[in-house]
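Here the structure is a predicted model, which means the values were calculated and not measured.
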Amino acid sequence: MLPMLLAAQAPDTTSDIVVTGERLRRLRVNANVDRRGRVRRCEIAVSSGDAAIDRQACVSTRDCVATGLRAGAPLADCVDAALIAFVRAERGDLGNENAEN
């Protein structure tokens, strides 16, 4: 009976992962990059529902643009990877690929 009691008290990390993945999927960022490759404006068009993730999205956008990326899939991929790394660092290793989907 003891193992069942412990299992019932264990945190449900799977639901946290799915919720975080859904938040990242929902997030939409609009940014204006000038001719010199600087982000002039960054705004959250559709919030993830998590203020920390939303703030980090603009930080990550600026960081990715600073590496020379300007737009399109390469920039989006860079921002996605940075946000996943942020979530893992802030909330612990997610342990699977759900956060990337």
Side-chain angles (χ1 to χ4, degrees):
M1 194 106 144
L2 184 57
M4 291 178 70
L5 178 61
L6 291 175
Q9 293 176 346
D12 185 0
T13 55
T14 302
S15 64
D16 291 343
I17 294 166
V18 172
V19 169
T20 301
E22 289 297 322
R23 286 181 175 171
L24 291 175
R25 236 188 315 277
R26 188 169 46 227
L27 179 63
R28 296 292 178 265
V29 178
N30 289 333
N32 288 352
V33 179
D34 69 14
R35 291 180 191 193
R36 293 183 182 174
R38 293 179 297 202
V39 176
R40 289 295 181 189
R41 182 182 58 85
C42 183
E43 67 182 20
I44 304 304
V46 178
S47 175
S48 68
D50 184 310
I53 291 173
D54 290 355
R55 280 190 302 275
Q56 186 62 37
C58 281
V59 170
S60 295
T61 299
R62 284 183 174 86
D63 291 347
C64 290
V65 167
T67 69
L69 300 171
R70 299 292 181 258
L75 178 58
D77 291 345
C78 179
V79 173
D80 287 348
L83 286 173
I84 290 166
F86 169 78
V87 169
R88 284 186 170 145
E90 289 296 308
R91 310 222 165 105
D93 186 34
L94 297 176
N96 68 33
E97 301 299 314
N98 282 343
E100 294 180 26
N101 296 326

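Within the 4.5 Å cutoff, side-chain heavy atoms of Ile44 are placed close to those of Val29. Here the side chains of Asp80 and Leu24 are not in contact, with every heavy-atom distance at 4.5 Å or above.
Residues Leu27 and Ser48 approach most closely at CD1-N, 3.9 Å, considering heavy atoms. Of all the heavy atoms in Leu75 and Cys64, the pair that sits closest is CD1-CB, 3.6 Å. Nearest heavy-atom pair across Ser47 and Gly49 is OG-N, 2.9 Å. Listed here is the closest heavy atom pair of Arg36 and Arg70: O-NH2, 4.2 Å. When all heavy atoms of Gly37 and Val65 are compared, the closest pair comes out as O-CG1, 3.0 Å.
With rounding to the nearest 0.5 Å, the separation of OG1 in Thr67 from CZ in Arg62 is 14.5 Å. With rounding to the nearest 0.5 Å, the separation of CZ in Arg40 from CG in Asn32 is 10.5 Å. Atoms SG and CG, from Cys42 and Asn30 in turn, are 8.5 Å apart once rounded to the nearest 0.5 Å. Atom CG of Leu83 sits about 12.0 Å away from atom CZ of Arg88, to the nearest 0.5 Å.
In this structure, the side chain to side chain contact (heavy atoms under 4.5 Å, CB included) partners of Ala52, at least two apart in sequence or on a different chain, are Asp50, Arg55, Phe86, Arg91. Listed by chain and residue number, nothing satisfies the salt bridge (Lys or Arg N to Asp or Glu O under 4.0 Å) test with Glu90 (two or more places apart in sequence, or in another chain). Under the salt bridge (Lys or Arg N to Asp or Glu O under 4.0 Å) criterion, Arg41 pairs with Glu43, sequence neighbours left out.
At a threshold of 4.5 Å between side-chain heavy atoms, the hydrophobic network of Ile, Leu, Val, Met, Phe, Trp and Tyr places Leu69 and Val39 in one connected group.
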